[in-house]
Amino acid sequence: KNAISFRDVRKVYPDGTTAVDDLNLDVPVGSLTVFVGPSGCGKTTSLRMINRMVEPTSGQIQVNGQDVTSVPEAALRRSMGYVMQASGLMPHRTVLENISTVPRLLGESKRDSKRRAEELLETIGLDRSLGSRYPAQLSGGQQQRVGVARALAADPPILLMDEPFSAVDPVVRADLQNELLDLKQRLNKTIVFVTHDMDEAVLLGDRVAVFATGGRLAQYATPEEVLRE
Ligand code: ADP
Ligand code: ADP
């Protein structure tokens with residue numbers, strides 16, 4: 001069963017740049033699928049078409065067999081967490097408030113969302129005492145962990161991650177990579193992970209989609225097969 005399917009998807013930006021060209025790809029439920037390739041080959045654009053931050057020029061994207069354009073925005077938001085490189089935390093909100101943003105928007109009570117946010121801190125390996133801090137009072141690695149906690153707050157079945165670990169130092173990055181693999185086992189999510197780092201792609205991915213210049217899919221295979229090429 002597929003969590004996400006791209007069917008003949010093309011994205012041409014208004015300035016004429018073809019970012020994604022004729023993409024056909026299925027992301028199996030429960031997989032960690034990595035989009036890898038050099039800068040500018042359409043990875044981020046492909047990721048953002050899944051949650052409709054970017055609309056395709058043509059073609060179709062399905063989530064759990066449903067065309068994303070037919071899914072109401074609130075339902076789409078609930079079904080997908082999004083983690084980006086610079087964690088994207090709101091600087092004037094505490095860690096707990098940052099994590100609770102989406103559940104609160106979806107109508108969860110302050111009390112329940114705070115309790116869940118504290119549980120999530122532990123899930124991602126941070127001490128509860130950090131909940132009252134502001135993002136600037138955390139290390140880069142801690143900020144990325146909070147970004148992951150925030151993406152998990154509405155308990156979405158799908159997690160979209162855009163170069164989440166590329167801004168942290170190599171030692172912390174290795175920790176975060178291991179924690180992600182562990183989290184995937186425990187929480188049973190479908191994860192789409194964007195990186196330009198082939199080592200990271202084959203380390204993390206069950207499936208690796210190799211993008212090439214011009215937004216074309218060069219290969220979509222297991223990490224073992226990709227390494228053999
Ligand atoms: P990647 O994530 O692989 O680095 P992107 O999806 O960010 O690639 O970009 C693919 C191509 O589309 C690049 O040539 C990029 O410059 C271009 N691009 C991305 N966003 C826009 C935009 N909003 N308008 C015009 N061109 C864009
Ligand atoms: P990332 O790849 O992490 O998304 P970028 O620096 O590539 O970061 O893009 C930052 C923003 O600029 C994105 O919203 C992207 O869509 C937009 N963008 C990227 N390339 C272009 C471009 N050539 N023209 C216009 N906007 C672009």
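For ligands, and for the atoms within them, numbers begin at 1 and follow the listed sequence.
- For the pair Arg228 and Glu224, the salt-bridge criterion is not met [side-chain N within less than 4.0 Å of a carboxylate O].
- Using a 4.5 Å heavy-atom cutoff, the side chains of Leu217 and Asn24 are not in contact.
- Those atoms of ligand 1 with a heavy atom of Cys41 less than 4.0 angstrom away are 1 (P), 3 (O), 8 (O).
- Close approach to Thr45 involves these atoms of ligand 1, each under 4.0 Å from a residue heavy atom: 5 (P), 6 (O), 9 (O).
- No hydrogens or angles considered: nothing links the side chains of Ser31 and Asp206 as a donor-acceptor pair under 3.5 Å.
- Salt bridge annotation for Asp112-Arg116: absent, with no cationic side-chain nitrogen under 4.0 angstrom from a carboxylate oxygen.
- Counting heavy atoms closer than 4.0 Å to ligand 1, residue Val20 contributes nothing at all.
- Of the possible polar contacts, one joining the Lys189 side chain to the Pro156 backbone as a donor-acceptor pair under 3.5 Å is found.
- Relative to atom 8 (O) of ligand 1, the option among Gly42, Ser39, Gly215 with the closest non-hydrogen atom is Gly42.
- For ligand 1, the atoms closer than 4.0 angstrom to any heavy atom of Pro38 are 3 (O).
- Between Ala19 and ligand 1, no pair of N/O atoms sits closer than 3.5 Å.
- Between Pro135 and Asn98, some side-chain heavy-atom pair lies under the 4.5 Å cut-off.
- Under 4.0 Å from ligand 1, not a single heavy atom of Pro14 appears.
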